[in-house]
Amino acid sequence: MTRAVLVGTVGTVWLVFPSTTINSTSAVALPRAGPVAPAAAPRQDGTSGDDLVLPLVAVGAAGILAGYGYVRRTHRARTRTTPGGGDRDGADRHGADRDSGGGGPRAGGPGRPPLAALEARACDALVLADDCVRTSREELGFAEARLGTEACAPFARAVRQAETEVTAAFRTRQRYDEGVPDPADGRARRRALADMTGRCGEAGRLLDAAATEFDALRGLDREESLGEALVLAETRFRELAGHTTATEQIVAGLHERYAPTACEPVTGYVEQAKDRLMFATAHLNQARRSVDRGGHSRAAAELRAAEGAVVQVAVFLDAVSSLAEDLDEAASLVPAALSGAEAARAGAEERLTGVPAGEVRARVLHADAVLTSVRLELTSGRAYDPLAVLRRVVAATAPLGAGRAGVLSVAALLTARSAVTAAEGFITTHRGAVGATARTRLAEAQRLLAAEDSAVLPRADALARTARELAEQDVRTHGNPYAEADAQTPGTAGALRGGILLPGPSPTGAAPSYGGPVKRKRRAPQVS
């Protein structure tokens with residue numbers, strides 16, 4: 001840039017200097033001493049050279065300034081990160097400070113990734129680690145069924161240890177979402193994200209460390225072991241196929257006895273179970289053909305895909321049976337819950353010592369309104385949702401200090417357990433499309449449910465239902481990018497959405513197996 005200015009200056013001087021003598025053919029006379037004649041100098045043709053000096057100097061200066069401005073604009077445009085933004089270093093520096101929650105350059109720091117990027121990385125790590133744990137647990141079940149729990153004990157222990165790490169990571173994520181650490185403390189937020197990512201990495205390491213020995217134990221590269229595993233998968237497949245008709249009848253009975261909202265958690269589950277059964281049928285057949293041709297590696301990949309589908313068929317069918325049991329239990333519990341609510345109302349003033357009388361009265365009036373509404377619904381003669389009724393009763397009486405023991409505690413446990421089971425089943429069978437937030441809420445709900453504290457059961461119930469809603473939203477957003485896959489093998493799109501297959505370059509994908517992220521990168525053959 002300095003060189004450009006210098007060149008412009010020299011050029012201007014070169015233009016201006018000759019102009020002072022361009023109209024003169026003789027030397028310039030020096031001024032003489034003495035008085036100057038008053039007569040005017042004779043006028044020459046055109047404008048004199050002296051008259052052109054100042055305009056040319058002005059033009060040259062303008063050219064210099066324009067060149068300098070052009071060079072500056074070019075330099076700034078090349079280093080700008082966004083339209084209208086500053087230079088790249090400044091943008092990164094300010095962005096890091098902002099993302100650090102106001103922690104200044106030391107909290108954000110030049111060259112450090114912004115907080116949003118670390119959050120995305122932690123979410124990806126949570127999803128991957130959770131998927132690895134789920135897949136490993138599922139394949140472990142088939143190994144235990146054939147080889148026994150004692151032979152598989154080291155690998156079951158590795159799964160439990162990995163699950164402990166992932167659970168801790170989800171707990172940290174839940175607290176992070178709740179504002180702990182303080183969002184203004186960028187450094188602490190970064191440490192929390194690093195803890196999540198580190199725990200997920202440790203979970204994957206534990207599974208990867210056991211994967212080679214597990215594969216050797218299963219022996220799917222040996223014809224005899226592969227044949228035994230195929231027989232086991234086919235037997236389980238036939239059992240579940242036989243239960244499908246019975247499950248359809250259960251769903252029909254639920255629609256007859258209860259409101260449509262009561263059946264929503266399992267809507268479409270029988271159809272999805274049949275979809276997985278078609279997928280399992282195709283890949284069990286492919287595995288058999290590969291065994292006959294001596295292609296053990298291909299046969300093992302096909303078998304694992306079929307096993308994953310069989311597991312999810314069981315999840316769909318069990319979810320229907322579990323919901324039916326919960327609804328029947330809730331219906332039988334409603335009268336007792338109403339009686340418990342009346343008792344809670346009557347003793348509210350004794351329990352709520354220290355609470356202002358006006359506040360106690362407001363809580364009692366609210367409970368009265370809810371209980372009156374519930375009784376009207378029960379006596380209307382219309383079908384109702386007994387789990388929803390219990391939730392309303394528990395929520396109305398909780399502010400009265402009730403629910404820590406007795407029938408209301410039982411009602412709170414039933415509703416929370418049912419919600420957690422429903423969310424777990426949905427996320428398991430749709431995990432190929434479900435993100436970290438839904439999984440985090442589910443993990444927190446499971447933690448509270450296991451705490452055996454009736455005071456936190458309503459929160460566990462609410463978190464589980466939120467997890468299910470978020471998971472359903474993720475699935476809707478994900479859509480069906482694998483529609484063309486079903487043209488090749490029925491059920492493939494559902495298998496990809498369910499995480500039974502890992503998406504690949506073709507419409508099909510590879511089946512994941514016991515292990516962590518390193519094992520997943522060593523892709524097995526794509527299923528056909």
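We number each residue from 1, following the sequence as shown.
Shortest non-hydrogen contact noted between Gly204 and Pro517 is CA-CD, 3.5 Å. Taking both residues in full, the closest heavy atoms of Ala203 and Glu165 are given as CB-CB, 4.0 Å, listed atom of the first, atom of the second, then distance. Of all non-hydrogen atoms in Ala416 and Leu449, the two that sit nearest each other are CB-CD1, 4.1 Å. Residue Val266 comes nearest to Ala319 through the heavy atom pair CG1-O, 3.7 Å, listed as atom of the first residue, atom of the second, then distance. Nearest heavy atoms, Ala411 versus Leu390: CB-CD2, 4.1 Å. Taking every heavy atom of both residues into account, Ala445 and Ala464 meet most closely at CB-N, 3.7 Å.
Looking at Glu138 and Arg134, no side-chain N of the basic residue comes within less than 4.0 Å of a carboxylate O on the acidic one, giving no salt bridge. A salt bridge does not link Arg189 with Asp185: none of the charged nitrogens is closer than 4.0 Å to a carboxylate oxygen. Under a 4.0 Å N-O distance rule, the pair Asp461/Arg465 qualifies as a salt bridge. In this structure, Glu342 does not pair ionically with Arg345, as no charged nitrogen and carboxylate oxygen lie closer than 4.0 Å. The pair Arg205-Glu202 meets the salt-bridge criterion, with a side-chain N (NZ, NE, NH1 or NH2) lying under 4.0 Å from an Asp/Glu carboxylate O.
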side-chain hydrogen bond (donor to acceptor under 3.5 Å, both in side chains) for Thr135 and Arg520? Distances and angles first, verdict last. CA-CA 11 Å; Thr135 300; Arg520 287 200 168 204; 3.2 Å; yes

Go through it in stages, so that I can follow the logic: the residues are Glu178 and Gln174, the test is side-chain hydrogen bond (donor to acceptor under 3.5 Å, both in side chains), and I'd like the CA-CA distance, side-chain angles, deciding distance and then a yes or no. CA-CA 6 Å; Glu178 292 171 350; Gln174 178 67 29; 2.9 Å; yes

I'd like to know whether Thr172 forms a side-chain hydrogen bond (donor to acceptor under 3.5 Å, both in side chains) with Arg199, so could you lay out the CA-CA distance, the side-chain angles of the two residues, the decisive distance to 0.1 Å, and finally the verdict. CA-CA 10 Å; Thr172 302; Arg199 287 187 178 276; 5.1 Å; no

With side-chain contact (heavy atoms from CB on, under 4.5 Å) as the test, would you mind laying out the steps for Tyr176 and Leu193 before giving the verdict? CA-CA 8 Å; Tyr176 187 93; Leu193 292 169; 3.6 Å; yes

Begin with the C-alpha distance, continue with both residues' side-chain angles, and end with the deciding distance and a verdict on side-chain contact (heavy atoms from CB on, under 4.5 Å) for Thr489 and His283. CA-CA 9 Å; Thr489 302; His283 292 286; 3.8 Å; yes

With side-chain contact (heavy atoms from CB on, under 4.5 Å) as the criterion, how do Arg236 and Leu232 come out once you've worked through the C-alpha distance, each side chain's angles and the decisive distance to 0.1 Å? CA-CA 6 Å; Arg236 183 62 176 144; Leu232 178 64; 5.8 Å; no

Applying side-chain hydrogen bond (donor to acceptor under 3.5 Å, both in side chains), run through Asp318 and Tyr269 and close with a yes or a no. CA-CA 10 Å; Asp318 289 346; Tyr269 271 24; over 6 Å; no

Please evaluate residues Arg439 and Asp131 with respect to the criterion salt bridge (Lys or Arg N to Asp or Glu O under 4.0 Å), reporting the C-alpha separation (whole Å), side-chain torsions for both, the decisive distance (0.1 Å), and the verdict. CA-CA 10 Å; Arg439 299 176 194 234; Asp131 282 348; 2.8 Å; yes

Might you work through the side-chain contact (heavy atoms from CB on, under 4.5 Å) test for Leu501 and Tyr482, ending with a clear yes or no? CA-CA 11 Å; Leu501 297 179; Tyr482 314 117; over 6 Å; no

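Looking at His478 and His430, their side chains never come closer than 4.5 Å, going by heavy atoms from C-beta outward. For the pair Ser418/Glu329, no side-chain contact is recorded, criterion being any heavy-atom separation below 4.5 Å from C-beta on. A 4.5 Å side-chain heavy-atom check between Leu400 and Val360 finds every atom pair outside the cut-off. No side-chain heavy atom of Tyr258 sits less than 4.5 Å from a side-chain heavy atom of Leu323. Two residues are said to be in side-chain contact when any heavy atoms from C-beta on lie closer than 4.5 Å; Thr281 and Phe279 fail this criterion. Considering only heavy atoms from C-beta on, Leu317 comes within 4.5 Å of Val313 through its side chain. The closest side-chain heavy-atom distance from Ile427 to Arg441 is not below 4.5 Å. Between Thr415 and Asp326 there is no side-chain heavy-atom pair separated by less than 4.5 Å.
The backbone N or O of Arg417 lies less than 3.5 Å from a partner atom in the side chain of Thr421, making a donor-acceptor pair. A distance-only check finds a donor-acceptor pair linking the side chain of Thr477 to the backbone of Gln473 [under 3.5 Å]. Asp208 places a side-chain N or O within 3.5 Å of a backbone atom of Gly516 that can act as its donor or acceptor partner. Thr149 places no side-chain N or O within donor-acceptor distance of the main-chain N or O of Glu144, the cut-off being under 3.5 Å.
Leu414 CG to Ser409 OG: the interatomic distance, rounded to the nearest 0.5 Å, is 11.0 Å. Atoms CE and SG, on Met196 and Cys123 in that order, are 8.0 Å from each other to the nearest 0.5 Å. Atoms CG and CD, from Leu206 and Glu163 in turn, are 12.0 Å apart once rounded to the nearest 0.5 Å. Taking SG from Cys200 and CG from Leu128, the interatomic distance works out to 8.0 Å, rounded to the nearest 0.5 Å. Taking CD from Glu424 and OG1 from Thr428, the interatomic distance works out to 3.5 Å, rounded to the nearest 0.5 Å. One distance of note links SG of Cys263 with CD1 of Ile250; it measures 12.0 Å at 0.5 Å rounding.
Phe426 pairs in a side chain to side chain contact (heavy atoms under 4.5 Å, CB included) with only one of the listed residues (Glu469, Arg468, Arg431), which is Arg468.
Side-chain contact, Arg276 with Thr429: no donor N or O sits under 3.5 Å from an acceptor N or O. Residues Thr244 and Lys274 have side chains that never bring a donor and an acceptor to within less than 3.5 angstrom of each other.
Taking the six-membered ring where tryptophan is involved, the planes of Phe214 and Tyr514 are essentially parallel, since the angle between them stays under 30° and well short of 60°.
Other residues, nucleotides and ligands contribute at most 12 non-hydrogen atoms within 6.0 Å of the CD atom of Glu452.
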